[in-house]
Amino acid sequence: MTTRIYLSIVSVLLSSTLWSQQVLPGDANDNGRVDQYDVLAIGYAYGHVGPTRAPGSSSQPQDILAFWPYAYPNGTNFIHADSDGNGRIELIDFAYLALNQGLEENEVEELEFSNFLGEGPELEFNNGNAIAPENMMGSLQIPIRVVSSADDLVINGLAFEIEVDPTYVVSATFNFSSEWINDGNMAFPYVSYEDNKIKVAISRLGINPVEGEGLLGVLNLIVVEDLIGILPAGGGPEIPFVGANNILAVDGEFQSTNVSSTGLGFWPLTSITSNPEPNSNNQLLATLSPNPVQDQLRVQSESSFTQVELIDLQGRQQLLYSGPPLNNWEGRLNQAPRAIYLLRLSGPEGQSLLRFIYSAE
């Protein structure tokens with residue numbers, strides 16, 4: 001299924017003028033920049049051996065004395081994956097990448113990324129589901145998976161950037177799963193953080209691709225405290241706050257595989273109805289308005305109720321009304337913090353549980 005790319009020593013020497021004559025430690029793909037995409041090149045060439053280089057600086061270009069008899073499909077020699085120059089591509093070479101992350105030469109050849117939307121493999125956030133605002137209070141754990149409808153998806157390595165919107169997210173971290181591409185710890189995972197970006201890469205060790213699809217890892221988010229107060233109101237499509245950019249995936253022959261991503265968003269406030277629960281949670285057939293609530297809220301129901309309770313997301317309860325049966329009730333939430341709440345109406349024929357947002361200034 002996979003093919004090792006071998007070049008004879010003679011052909012390597014004849015065409016060596018086409019390649020860089022120096023190695024920037026960590027720049028395994030030889031594009032003039034050290035970044036997470038070099039993980040894919042080091043991982044693919046892992047285990048190969050070749051000529052050593054003279055000892056030099058760990059962060060300065062080093063002269064090439066002799067090329068290796070192996071190259072990637074684009075002609076880049078495997079010697080560029082030997083970050084420390086000891087003649088063997090091994091785990092220590094990833095350390096030089098981490099040490100020199102962001103280092104650039106005078107000329108940088110930009111990589112080509114898929115970044116397309118359409119049918120095919122996808123980097124999927126939260127199983128393809130947008131986040132409801134009531135589930136964004138505090139912290140979130142978002143699974144990120146590679147999904148594909150095709151049976152022949154083959155991946156040896158994958159690298160990309162996660163970008164979060166600081167308007168809604170305080171901090172973000174990413175943890176790799178031990179499943180799928182990292183099964184048996186036969187892959188090298190890499191994560192680095194820069195401003196509002198997470199640079200992510202993982203590569204199998206050697207030419208040892210995985211097939212199919214699976215869980216890549218979990219994105220851990222802490223959202224802002226006053227989330228409800230800054231959420232935009234109004235209808236329309238979901239509002240993105242996390243995305244994946246500059247995606248590069250390679251297969252067992254180090255050829256690019258198109259992988260897209262639609263990122264992740266949350267529903268705007270007005271998409272939260274006053275009755276988002278199943279019918280069993282609205283036995284009184286009650287409705288609440290307006291939603292979001294800024295001052296006074298009103299409820300009405302087809303069946304009467306004798307009690308109204310306010311419940312916050314921590315389960316704390318406050319009795320707002322208890323008395324004769326009613327079908328209509330109005331009230332204010334004085335001194336209540338802006339947040340997501342539940343209003344529970346109870347009566348002879350059951351109860352109704354209504355979710356709403358309180359966004360008063």
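Grouping the Ile, Leu, Val, Met, Phe, Trp and Tyr side chains by contacts below 4.5 angstrom, directly or via other members, places Leu215 apart from Phe174. In the hydrophobic clustering of this structure, Val200 groups with Tyr193; members are Ile, Leu, Val, Met, Phe, Trp, Tyr whose side-chain heavy atoms approach within less than 4.5 Å, directly or through other members.
Looking at residues two or more places apart in sequence or on another chain, you find a side-chain contact (heavy atoms from CB on, under 4.5 Å) between Gln141 and Ser139, Val218, Asn220.
Between Glu213 and Arg145 no salt bridge is recorded (no basic side-chain N to carboxylate O distance below 4.0 Å).
Note on residues 289-310: pairs passing salt bridge (Lys or Arg N to Asp or Glu O under 4.0 Å), not counting sequence neighbours, are Asp295-Arg332, Glu309-Arg344. Within the structure, every pair that satisfies the salt bridge (Lys or Arg N to Asp or Glu O under 4.0 Å) test and touches residues 156-173, not counting sequence neighbours, is listed here: Glu161-Lys197.
For the 3.5 Å distance criterion, the side chains of Thr262 and Glu122 qualify, holding a donor opposite an acceptor. Ser352 and Asn282 form a side-chain donor-acceptor contact under 3.5 Å, judged by distance and modelled atom types alone.
The distance from the CG atom of Leu123 to the CG atom of Asn245 is 10.5 Å, given to the nearest 0.5 Å. The CH2 atom of Trp329 sits 4.5 Å away from atom CG of Leu320, with the distance rounded to the nearest 0.5 Å. Between atom CD of residue Gln62 and atom CD of residue Gln22 there is a gap of 9.0 Å, rounded to the nearest 0.5 Å.
Note on ring orientation: taking the six-membered ring where Trp is involved, the planes of Phe78 and Tyr70 are tilted (angle from 30° to 60°). The aromatic rings of Phe305 and Tyr321 lie perpendicular to each other, with more than 60° between the two planes, well past the 30° mark.
Checked against the 6.0 Å centroid criterion, the rings of Tyr168 and Phe266 qualify as a close aromatic pair.
Each of Glu109, Glu110, Glu105 was scored for a salt bridge (Lys or Arg N to Asp or Glu O under 4.0 Å) with Arg33, with one residue passing: Glu110.
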Q. Run the side chain to side chain donor-acceptor pair (under 3.5 Å) check on Gln318 and Tyr341 step by step: do they pass?
A. CA-CA 11 Å; Gln318 178 183 351; Tyr341 292 96; over 6 Å; no
